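Comments concern the structure below.
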Amino acid sequence: MPFGQVVLGPPGSGKTTYCNGMQQFLEAAGRDVAVVNMDPANEQLPYPFHAFYVCFQPSPFELTLTIILTYVAEVDIMELICLETVMDELNLGPNGGLVYCMNYIDEHFDWLAERLGRLQGTPGARAYDADIPVDKYILFDFPGQVELYTHEASVHNILHKLQKLQHRISVVHLVDAHHCTDSSKFISVVLVSLASMVRLELPHVNVLSKMDLIQQYGNLAFNLEFYTDVLDLRYLLDRLEAQEFGDLHEEDDDPYTQDPEELPHAVRCKQKLREKFRKMNEVLIEVIEDFSLVSFVPLQIEDVDSLKHVMVTVDKSNGYVFIDKPAGGILKDSELQSERIADFEEKYVR
Ligand SMILES: Nc1nc2c(ncn2[C@@H]2O[C@H](COP(=O)(O)OP(=O)(O)OP(=O)(O)O)[C@@H](O)[C@H]2O)c(=O)[nH]1
C-alpha cells in the first residue's frame, strides 16, 4: 500500500522545490521516495539526476569539458503529454492547454497506473520491519493553476483513481507565506485552500511556504499563530476596510460623526460601498468559520525543523505514522503545536 503526498498550490508557491527538499529529507530519514511529475509544463526538474551527457564545448582558448546533468522525475507525465505540443497542435493558450492536458491524463490514467506499478516493482522499495512491507513513498508534483482543483474535474478524478489503486495520499497545499501581511490576500488564500479541501475530499495539509520571506512586503498585523491557526478572522474586518477605503476616523466623511442626509452624493455612495464591502467580508469570514477546516503549517525549505513539522503533520493525516518504525518517535512527540509556531515566529518574524 503506497503512501504519498499530492503537492498543489498556486504557480510559484514552491511545489517543485518542496518535492525536491522533502524527497531529500525523507530519504535521509530512511524512506524510499519517488517523485512523479504531474505537470505537463514542468520542463526543469531539480530532482536527483538519472542520466547525464558529456560534451565538449569549445571556448576561445581551449576545449572545456562540460557535463550536462539531466534531471528527471522517476515518472514524468511529459512522456505522455506535453503542454507545448498541445498548444502548438491544438492552437490553445497555456491555460486552455493545461486544462486539455489534465483531462487527457484523466482519460489515459492507465498509462500512469502502469508506470506507478513499475515504480513499485523496482528494487529499492524496502521495509523497515520484516513483517511490514513498505512501498515507495510517492510525491506527486502537480501544476499550480487553481481552476484545475477548484472547479475542473480532472485532478479530482485522477486523485480518486489513485485512491482506488490503494494509494494513501494527502494533499499538501502550498501558499506563499507573505500573503499573511495583506489581509485581503490572506482571506483569498484561506478561501482557495478551503475550496481545494472541499473539492478534493482528501486529507489536507495547508502549508505557508517561504517562511523566510514572510515579511518581504510588510509586517504581520498579528502574531504568527493567528495566521497558522486561522483564528478569529473578524479581527481582520477593520483592516480590510481601511485597506480598501482608507482609515475611517481620519476621513471627513465619517458616517458616525455626520448626518448621512447632509453628505454629498459621492460620499454617500462611497459609504454604501464601504458597508457592502464589510458585509461581503463578514459573509466570507462566516463561510470560513462555519467550515472550520483551514489551518496552516509554516515551512522554510532549508529549515530541517520546518520540514519535520510538515512531515509529522502529513504522516498523521495519511496514516503513515502507524506503520513507520524509524519515525515512530513522532507518536511520542509531545511538543505542542503552539510551541512550534512560537519557534517559527522567533526565527522568521522580526
Ligand atoms: N526564499 C525561499 N524561496 C523558496 C522557498 N521555496 C521555494 N522557493 C523559491 O520559489 C521559487 C518558485 O519555486 P518553484 O518550486 O519553482 O515553485 P512551483 O510552485 O513549482 O512553480 P510552478 O511550477 O511555476 O507552479 C523558486 O525560485 C524557489 O527557489 C523557500 O522556502 N524560501
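Just so it is clear, the structure is predicted and the values come from calculations on it, not from any experiment. Ligands are counted one by one from 1 in listed order, and the atoms in each one are counted from 1 as well.
- Among protein heavy atoms, the minimum distance from atom 9 (C) of ligand 1 is reached at Lys210 CE, 4.1 Å.
- Where the criterion is an N or O separation shorter than 3.5 Å, residue side chain and backbone included, Thr16 meets it with respect to ligand 1.
- Checked for salt-bridge contact, Arg118 and Glu114 meet the test: a charged N lies under 4.0 Å from a carboxylate O.
- With a 4.0 Å cut-off on non-hydrogen atoms, Asp141 does not touch ligand 1 at all.
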Begin from the C-alpha positions of Phe3 and Tyr137 and carry the test ring pair (Phe, Tyr, Trp, His ring centres under 6.0 Å) through to its verdict.
CA-CA 5 Å; Phe3 284 80; Tyr137 189 97; 7.3 Å; no
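- The closest non-hydrogen atom to atom 22 (P) of ligand 1, taken over Gly12, Gly144, Pro10, comes from Gly12.
- When only non-hydrogen protein atoms are considered, atom 17 (O) of ligand 1 lies nearest to Gly14 N, 3.1 Å.
- The shortest N or O to N or O distance between Met211 and ligand 1 is not below 3.5 Å.
- If you number the atoms of ligand 1 from 1 as listed, the ones under 4.0 Å from a heavy atom of Gln300 come out as 30 (C), 31 (O), 32 (N).
- Below 4.0 Å from some heavy atom of Pro11 lie the following atoms of ligand 1, by number and element: 25 (O).
- The part of Asp212 lying near ligand 1 is the side chain, judged by heavy-atom distances below 4.0 Å.
- Asp182 and Ser184 share a side-chain donor-acceptor pair at under 3.5 Å.
- Summarising the contacts of atom 13 (O) of ligand 1 with Val7, Asn37, Thr17, Leu299, the nearest heavy atom is found in Thr17.
- Under the 6.0 Å cut-off for aromatic ring centres, Tyr227 and Phe186 qualify, their centroids lying closer than that.
- Between Tyr149 and Phe142, the gap from one ring centroid to the other reaches at least 6.0 Å.
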Derivation of the side chain to side chain contact (heavy atoms under 4.5 Å, CB included) call for Val310 and Thr313:
CA-CA 5 Å; Val310 175; Thr313 316; 5.6 Å; no
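- Nearest protein heavy-atom neighbour of atom 18 (P) of ligand 1: Lys15 N, 3.4 Å.
- Using cut-offs of 30° and 60° for the angle between ring planes, the His173 and His204 rings count as tilted.
- Ligand 1 has Ser13 within reach: a non-hydrogen atom of the residue lies less than 4.0 Å from it.
- The aromatic rings of His108 and Tyr104 lie parallel to each other, with less than 30° between the two planes, well short of the 60° mark.
- In terms of protein heavy-atom proximity, atom 31 (O) of ligand 1 is nearest to Ile301 N, 3.1 Å.
- Across Asp176, Val175, Leu194, a single residue satisfies side chain to side chain contact (heavy atoms under 4.5 Å, CB included) together with Val189, and that is Val175.
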